[in-house]
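The structure appears below as structure tokens.
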Amino acid sequence: MSSKSKIKLNRRNLPFGSRNYLGYHSQSDVRIGRTGRLRLSTNDLERNANLGTLTKESKRCLRNLAAYKPPKDAFPQPWLPFPRSRCAAVLVALFVGRKGDLYVLLSKRASTLRSFAGDTSLPGGKMDAEDKTIEDTARREAFEEIGLPPDQSKVPLLCVLEPFYVAKELLVTPVVVLILDNTLQPILNAPEVTALFSHPLASFLSSTPPASIIRSEPELVELGDDGTGYRYHISHDWDWDGPPVVVDPSKVRHAKTKRTDRRSSLVSDSNSVEPILQRPKFRMHQFLTGREAGGIKPVYGLTAAILIHTARVGYTLSPPALASPDFELSPPGSPSTSTRIAWAFCRPNPPDRPNLLRQALEEEGLTGKVDWKRVREVAGVIDEDVAPRRGLKKSSPSFGHIIRTRSKL
């Protein structure tokens, strides 16, 4: 473990926005299951002193998270084992604020790191040999980065969410916990983390900061005011590098991409009546923290996606359905997380961009356990015998592109 700088915190010298980290919890009267998962019934939430300050929405959020189980079709699946060397985890550490709202701990990565230097992130990293579970990975990384102890009685588990895929060819699993012990003191690992702060979890479902945040964090008033209101939330759409999707030509929109000036449709003809192929897009979200003037970057990309999903699970009124934010999550036809993961495994393997996931499967002896036909189906790869059933003729340019895409896998 790298050398650490221990920071003694009190109510006066806590970083701005982090004062809720201490002093609002007690670990008395909390029921922890044998697996370390927090058990929360309605009676627990009403009678336990440590959760007495919770708002109605926060109580519902904790109940939903503690009861959450990923959908049955979510990864990982027996027919697509994840290579351990490409697995990572992040810790979504929640705590109760002074007014009963739930906050999440965020950190600023050191500017000297080779990747994502200075970014706002969740504690986390790749799986190590000594980690027995993905939860162990998240807890170990949080302990190494910010000094949060892995003790399940002080920081019990709420749930483990579905994995996310990142372009570095890693499968990142969020582990959601609740901080209960009010004696904990952050110990920042200076080579990795330079600041620790918090942000309201519910605000990741909103395109504007709640009034309570504006009152308590007036810095937001000075940020992004371009005459259209607070630019608290923005998003960017990017071309996906996976298989194009078959669409009705009448529904094709020639919107320009954010990354290039290419049009979004891969094969199109304004006079065509045949189905055509269109390049799907995926969306990345960004949220201001109110601390940008002090050098803190907005919450962006993977971190934003994970916190949006955590908030959707927690604040839903009718589980298992997820809560809907007041902004559009994804563009039409956007690939699902499962589709992106499946494509990452079966995409072509050129010399200039090797498929690290497939290499890891081979190195760990897992290739034979993969049902590649099923993986291709989830990835959206259209085989030659399936194309005609999708309305694509062998004489069409779209059909030729499908065969070229298929032959590379």
Side-chain angles (χ1 to χ4, degrees), residues 17 20 24-25 37-46 48 50-71 74 90-106 120 122 156-162 164 173-180 198-217 220 230 232-235 283 285-290 298-300 302-330 336-337:
N20 295 322
Y24 304 105
H25 320 286
R37 187 161 181 170
L38 186 63
R39 296 178 179 178
L40 290 175
S41 66
T42 301
N43 290 335
D44 291 331
L45 293 172
E46 294 296 334
N48 288 333
N50 67 305
L51 299 176
T53 62
L54 285 171
T55 64
K56 180 180 178 180
E57 292 76 16
S58 295
K59 292 177 182 179
R60 180 174 66 246
C61 181
L62 289 179
R63 279 199 301 267
N64 289 341
L65 288 170
Y68 182 72
K69 294 181 180 179
V90 294
L91 196 75
V92 182
L94 306 179
F95 65 92
V96 184
R98 62 184 61 176
K99 295 183 178 180
D101 297 318
L102 292 173
Y103 285 72
V104 59
L105 282 182
L106 293 165
T120 293
L122 295 162
L157 174 69
L158 286 171
C159 65
V160 176
L161 300 176
E162 304 92 311
F164 287 71
T173 301
V175 177
V176 187
V177 299
L178 179 65
I179 299 174
L180 294 174
S198 63
H199 201 72
L201 179 64
S203 66
F204 291 103
L205 295 178
S206 176
S207 59
T208 56
S212 59
I213 300 179
I214 296 176
R215 287 195 300 269
S216 62
E217 301 174 8
L220 280 176
Y230 301 117
Y232 167 69
H233 166 265
I234 60 174
S235 63
R283 179 163 295 168
H285 297 270
Q286 173 181 298
F287 298 87
L288 296 179
T289 65
V299 180
Y300 181 70
L302 174 66
T303 301
I306 289 173
L307 294 176
I308 290 172
H309 187 55
T310 304
R312 294 188 71 202
V313 171
Y315 290 105
T316 180
L317 296 174
S318 54
L322 301 181
S324 297
D326 67 2
F327 50 83
E328 187 181 53
L329 273 174
S330 304
S336 66
T337 299

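F287 has its side chain out of reach of P298: every pair of non-hydrogen atoms, C-beta onward, lies at least 4.5 Å apart. Contact of the V96 side chain with the L180 side chain is not registered, since no non-hydrogen atoms from C-beta on lie closer than 4.5 Å. At a threshold of 4.5 Å between non-hydrogen side-chain atoms, the residues L106 and L307 count as touching.
The shortest non-hydrogen separation linking R60 to L317 is CZ-CD2, 3.3 Å. Taking every heavy atom of both residues into account, R283 and S330 meet most closely at NH1-C, 3.8 Å. The shortest non-hydrogen separation linking L161 to P70 is C-CG, 4.4 Å. Taking each heavy atom of L94 and V104 in turn, the nearest pair found is CD2-CB, 3.8 Å. In plain terms, the two heavy atoms of L205 and R312 that are nearest each other are CD2-CG, 3.6 Å. Residues I308 and F204 come closest through the heavy atom pair CG1-O, 3.5 Å.
E328 contributes atom CD, which lies 8.0 Å from atom OG of S235 (distance to the nearest 0.5 angstrom). Taken from CD in Q286 to CG in L288, the straight-line distance is 6.5 Å, to the nearest 0.5 Å. From Y315, atom OH reaches atom OG of S58 across 4.5 Å, with rounding to the nearest 0.5 Å. The distance from atom SG of C159 to atom CG of L62, rounded to the nearest 0.5 Å, is 10.5 Å. Atom NE2 of residue H199 and atom CG of residue L102 lie 13.5 Å apart, to the nearest 0.5 angstrom.
Below 30°, between 30° and 60°, or above 60°: for F164 and H309 the angle between ring planes is above 60°, a perpendicular geometry.
Evaluation of the salt bridge (Lys or Arg N to Asp or Glu O under 4.0 Å) rule for E57 yields no partner, not counting sequence neighbours.
Using a distance-only test at 3.5 Å, with no hydrogens or angles considered, a donor-acceptor pair links the side chain of T310 to the main chain of I306. Of the possible polar contacts, none joining the T53 side chain to the R98 backbone as a donor-acceptor pair under 3.5 Å is found. In this structure, the side chain of H285 engages the main chain of L329 through a donor-acceptor pair within 3.5 Å. Without hydrogens or angle criteria, N64 side chain to T316 main chain gives a donor-acceptor distance under 3.5 Å.
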Side-chain donor-acceptor distances from residues 319-327 under 3.5 Å, at least two apart:
from : atom 1 : to   : atom 2 : distance (Å)
D326 : OD1    : S207 : N      : 2.8
D326 : OD1    : S207 : OG     : 3.3
D326 : OD2    : S207 : N      : 3.3
D326 : OD2    : S207 : OG     : 3.4

Check: Stepwise, does the side chain to side chain contact (heavy atoms under 4.5 Å, CB included) test hold for L122 with L91?
Finding: CA-CA 6 Å; L122 295 162; L91 196 75; over 6 Å; no
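Looking at S206 and Y232, their side chains never bring a donor and an acceptor atom within 3.5 Å of each other.
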